[in-house]
Amino acid sequence: MALLLPLGLLSVAAVAWIMGWGVLRVLLLLVVMWIAILGLMLAAPAAEYRSFSGFDVQSWLVTGLVLALVLGYAAIIRRLRGAARARWGAENAPGAVAPRQTSDKIHSGARQADALDRYARHYVLREIGGPGQGRLRDSSVLIVGAGGLGSPAALYLAAAGVGRLCIADPDEVSLSNLQRQILFRTADTGRPKGMAAAEALRALNPYIDIHAISQRIGAGDAELIAGFDLVLDGCDSFADRARINALCARAGVPLIAGSISQWEGQLSLYDPAGGGPCMACIFPDPPAPGLAPSCAEAGVVGPLPGVIGSMMALEAIKEIAGAGTGLRSQMVIFDGLHGETRRISLRRRADCPVCSGVAERGHEA
């Protein structure tokens with residue numbers, strides 16, 4: 001007799017669950033029923049109710065305490081999942097962050113055969129080959145900004161097989177982005193850029209880790225930056241670029257930075273730990289108001305960010321694979337209107353407030 005009451009409650013909860021009710025709704029139903037039964041216990045004589053149900057008020061309160069603990073646990077889990085979705089994107093949702101997998105698992109068995117075919121053009125390149133492709137597979141790259149520069153860079157790095165790729169962007173896709181941000185489609189309008197980017201990149205290459213961060217990288221994210229082998233900066237404001245530069249310099253992580261305006265773009269590799277300058281060595285002060293207008297104010301020709309973003313991806317592949325000559329202590333300036341490319345040398349400043357205390361790392365064997 002004592003089991004009839006809890007079994008009845010569980011039966012009602014099971015029916016609600018089968019009808020498609022969520023966990024929290026089922027638990028709330030149990031709470032309402034528990035309160036109703038408690039009211040009956042208090043209204044009826046204790047002996048009569050105990051003989052009927054096998055419970056008294058005290059035992060029923062203990063049952064309620066257990067239910068409250070279950071509800072509290074569910075609420076905590078829900079809150080933690082909400083915080084995770086806000087930072088990383090909803091699990092198993094379109095554009096969500098996939099659980100991280102090791103490269104050995106990703107490229108094992110049948111997938112290894114797919115990888116051999118997928119990256120065949122890299123394997124036959126003398127400067128990359130198997131060892132270089134292995135370094136790409138084992139590398140981790142953070143792309144800050146999924147806009148005009150980040151879009152082509154992310155597409156090419158995902159296609160190249162970079163093992164762990166993270167996209168950080170707090171904005172949503174707007175219709176005006178589609179003129180140059182080739183990672184997105186019209187249907188993505190209004191979606192968080194990070195989640196939309198992750199979905200597109202995962203469709204391009206399902207064998208790599210794709211992460212999305214739907215917030216701006218802040219001054220307190222030094223530990224996050226330090227977890228990557230390389231950072232690509234495609235931000236559109238000097239303040240954001242300066243902050244990313246300072247974080248990378250402090251963490252000793254090489255930074256490939258690009259910028260565009262109207263018909264002209266530039267890119268460089270800032271790496272004070274590798275003997276080169278940081279961005280603050282070259283641009284110690286923000287530009288005067290009106291001197292460096294944004295793309296929204298000055299305009300930008302659509303293919304230009306594709307050119308500079310693709311060059312950023314190329315420099316990233318060279319840096320990771322150890323191929324060719326990189327842009328450390330160099331800057332490339334591209335003039336799309338007149339079809340001209342210039343290269344200038346950069347020097348590290350001993351009195352730079354950002355990187356003057358950064359020690360150079362030892363050369364790898």
Side-chain angles (χ1 to χ4, degrees), residues 139-157 162 164-171 180-181 183 193-194 197 211-213 215-222 224-261 264-274 276-284 286-287 292 294-295 300 304-320 326-334 346 352 354-355 358:
S139 66
S140 59
V141 175
L142 170 65
I143 299 178
V144 184
L149 296 174
S151 288
L155 283 168
Y156 275 114
L157 291 181
V162 170
R164 179 177 172 233
L165 198 59
C166 183
I167 312 295
D169 197 307
D171 297 329
R180 63 201 178 279
Q181 298 180 17
L183 189 55
K193 281 188 177 180
H211 293 251
I213 302 177
Q215 67 180 47
R216 180 170 276 101
I217 300 297
D221 287 319
L224 173 69
I225 295 289
F228 292 91
D229 301 315
L230 185 65
V231 174
L232 272 64
D233 176 17
C235 298
D236 56 3
S237 77
F238 184 88
D240 288 337
R241 292 197 293 267
R243 182 169 57 252
I244 298 301
N245 172 73
L247 288 170
C248 289
R250 190 185 315 159
V253 177
L255 170 66
I256 295 176
S259 61
I260 52 172
S261 180
E264 187 173 286
Q266 62 186 37
L267 75 152
S268 182
L269 193 159
Y270 299 117
D271 185 20
C278 76
M279 193 190 83
C281 293
I282 315 304
F283 305 105
S294 66
C295 291
V300 61
L304 177 65
V307 173
I308 303 300
S310 297
M311 294 174 70
M312 292 171 67
L314 179 60
E315 292 302 318
I317 291 172
K318 287 162 55 181
E319 178 70 14
I320 295 169
L327 290 180
R328 194 175 278 98
S329 301
Q330 301 284 320
M331 177 179 288
V332 169
I333 301 174
F334 174 75
L346 308 176
C352 175
V354 173
C355 72
V358 175

Once you round to the nearest 0.5 Å, how far does CG of Asp233 lie from SG of Cys248? 8.0 Å

So, using side chain to side chain donor-acceptor pair (under 3.5 Å) as the criterion, who are the partners of Asp236 when residues are at least two apart? none

Flag the pair Leu230 / Ser139 as yes when at least one side-chain heavy-atom distance between them is below 4.5 Å, and no otherwise. no

Holding to side-chain contact (heavy atoms from CB on, under 4.5 Å), I want the full list of residues that pass it with Val253, two or more places apart in sequence or in another chain. Ile225, Val231, Ala251

I need the Cys278 SG to Ile244 CD1 distance, nearest 0.5 Å. 13.5 Å

Sequence neighbours excluded, which residues qualify as side-chain contact (heavy atoms from CB on, under 4.5 Å) partners of Leu314? Lys318

So CG of Leu165 and OG of Ser140: to nearest 0.5 Å the spacing works out to 9.5 Å

Scan residues 265-274 for pairs that pass salt bridge (Lys or Arg N to Asp or Glu O under 4.0 Å), counting only residues two or more places apart or in two chains. Asp271-Arg328, Asp271-Arg361

Please check: side-chain N/O of Asp169 versus main-chain N/O of Lys193, any donor-acceptor pairing under 3.5 Å? no

Listed once per pair and sorted, the side chain to side chain donor-acceptor pair (under 3.5 Å) pairs that draw on residues 246-256, sequence neighbours left out: none

OH (Tyr156) with more than 12 external heavy atoms under 6.0 Å: no

One should read off an interatomic distance between Leu142 CG and Leu224 CG, to the nearest 0.5 angstrom, of 6.0 Å

Contacts of Asp240 that satisfy salt bridge (Lys or Arg N to Asp or Glu O under 4.0 Å) - sequence neighbours left out: Arg216, Arg243

